[in-house]
Amino acid sequence: MNEAPRPMSSAADQWETLRRGIDAVVPEDEFRKKLERSIARGVPLRVKYGIDPTGIDVHLGHTVPLRKLRQFQDLGHTAVLIIGNYTALVGDPSGRDETRASLTEAQVEINAKDYLKQVGRIIDLDRAEVHHNGDWFSKWSFLDVLRLMRSTTIGQISAREDFAKRLREAKPVHLSECLYPLMQGWDSVEIKADVELGGTEQLFNLLVARDLQQEQGQEPQVAMTMPILVGTDGTRRMGKSLGNYIGVAESAEAQFGKVMSLPDEPMRPYFTLLTDIPLAEVDRLLGPGVNPRDAKEVLGKAIVAQYHGDGAAEAAAAAFRRRSEGLDPEDIPVVEITRDLLDGEGRVSAPRLIVALGFESSTSNARRTIEGGGFNIGTDRRVITDTKTMIDVTDGLLVRVGKRKIARIKLVS
RNA sequence: GGGUGGUUACCCAAGCGGCCAAAGGGGGCAGACUGUAAAUCUGCUGGCACUGCCUUCGCAGGUUCGAAUCCUGCACCACCCA
């Protein structure tokens, strides 16, 4: 917290770093003025980023603004994280065409703790300010709420694309949701933000703060928006509910595999937004003469290394290569099978074995997998397609289900 | 307060007395193919002691030989009018 501020580089240099991957800075000239003044006076910018603890998985989509925040930190500015434990109770309607399920206070609190732990992988929390917006909102009286609401109109609020769309389609718009942008804006007043980061769809919310700050006699913040990261499907935004995300807490293998499964098109935004690889190098990697697969491997390693270190990233890449060559992984998990599962001759039916190994949730499922040719055993990979086959279970038997599930059996009594 | 529409499997969504374990799509799983766990194609996608049996269509009752489908009540969601 009290670390000596590192000497600041020039405004031009900082701008060069900060503009990478940026979607928009509104208004840009104000930002550059703030930056120059900050450096001239040696007063760090207060850079705000808010997260609502609505779920527990921080994914790469969230890391886009978080990484930007980290860049600000590394340039000597102050990161101010807002944990939106009160805004989460409302639910941010941004970019959604339906109301968010609202959460209970208790859930939100648990999520918030978990969030910070994950965010700490990107942000230097020791040098950051962390606030919960419940710190102020929980003390508010009804009159305070009224005062806040007076600062805008239905017309202004409903100008927002997502609200307008829902109104057009006769879908519900809750009054509480209209409060969301105001609450987020008020957070900026409370912490006297100079800059606020957010995704492009956040622009409306980020600008509401400017009005509120000016009403309170503060210099308005600048909105810096980051592009929305597409998910592993290559088309829709990365999101938990869409199941197309790469979580920062996931294993190195899982992260690497998911990066490799990306279509080719989103590689450039991934490089730009999620790595520090110089843009000239990115151009080379994505240019002619480089196999996109190899470029993707570089990308995967660069991303995984941030969360698991270089060693784990290399290992994940190697394991992936083995798998795509059809080889068994180096570490084959050993699964214990108790003898009483077997019949008098030491055998068990194929579907039951698969369930006992935990590879399928039901024997019906296991049957289907077997019938589809997804089950083979032994070093010779004997494929079994008859669900009635009795498997001779011996110690050390290799069992594979699909491409990714493999186990070496250990017989225990 | 009044009216209308809705609640179906992981999600969306069809079905409106038997041919329904329930169309179609998404997602997922498996197979083929491939630079890839991409794309494409194919199959599967409630459970089990699996040519059969059992449990599912908001909840609880009822009508019927037979209900996801009809009736009654309840709960929840939404829209419209006030």
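Chain A is the first sequence line, chain B the second, and so forth, proteins listed ahead of strands; every chain is numbered from 1.
B:C65 and B:C76: their C1' atoms are spaced 35 Å apart (whole Å). Comparing the same atom, P, in B:U55 and in B:C70 gives a spacing of 23 Å after rounding to whole Å. Comparing the P positions of B:G58 and B:A14 gives a spacing of 14 Å, expressed to the nearest Å. B:G6 and B:A82: their P atoms are spaced 23 Å apart (whole Å). Between B:U8 and B:C41, the two C1' atoms lie 31 Å apart (nearest whole Å). When the C1' atom is used for both B:G24 and B:G15, the distance is 11 Å, rounded to whole Å. Annotation: B:C19 and B:G28 have their P atoms spaced 33 Å apart (nearest Å). For the P atoms, the distance from B:G25 to B:U40 is 14 Å, rounded to whole Å.
A cation-pi contact, defined as under 6.0 Å to the ring centre and within 45° of the axis, is absent between A:Arg20 and A:Trp15. For the pair A:Lys296 and A:Phe256, the cation-pi test (distance below 6.0 Å, angle within 45°) is failed.
When the salt bridge (charged side-chain N to carboxylate O under 4.0 Å, His left out) test is applied to A:Glu371, no partner is found at least two apart in sequence or on another chain.
As the counterpart of B:C29, B:G43 is assigned, both hydrogen-bonding distances of the Watson-Crick or G-U wobble pattern falling under 3.5 Å. Across all strands shown, B:G73 is found opposite B:C59 as a Watson-Crick or G-U wobble partner, with both distances under 3.5 Å. Under the Watson-Crick or G-U wobble criterion, with both distances below 3.5 Å, B:C79 is paired with B:G3. Nucleotide B:U64: unpaired (no Watson-Crick or G-U wobble partner with both distances less than 3.5 Å).
In this structure, A:Tyr245 atom OH and B:G28 atom C1' are separated by 15 Å, rounded to whole Å.
Looking only at atom types and distance, the side chain of A:His77 has a donor-acceptor partner in the side chain of A:Gln14 under 3.5 Å away. Checking A:Gln214 against A:Glu219 by side-chain atom types alone, no donor-acceptor pair falls below 3.5 Å. In this model, a donor atom of one side chain and an acceptor atom of the other lie less than 3.5 Å apart for A:Gln184 and A:Asn205.
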- Message: Protein within reach of the bases, or only the backbone? For nucleotides 36-51 of chain B, mark each nucleotide 5' to 3' as B, S or -, using heavy atoms under 4.0 Å.
- Response: BBS-----SS-SBSB-
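The aromatic rings of A:Trp136 and A:His131 lie tilted to each other, with the angle between the two planes from 30° to 60°.
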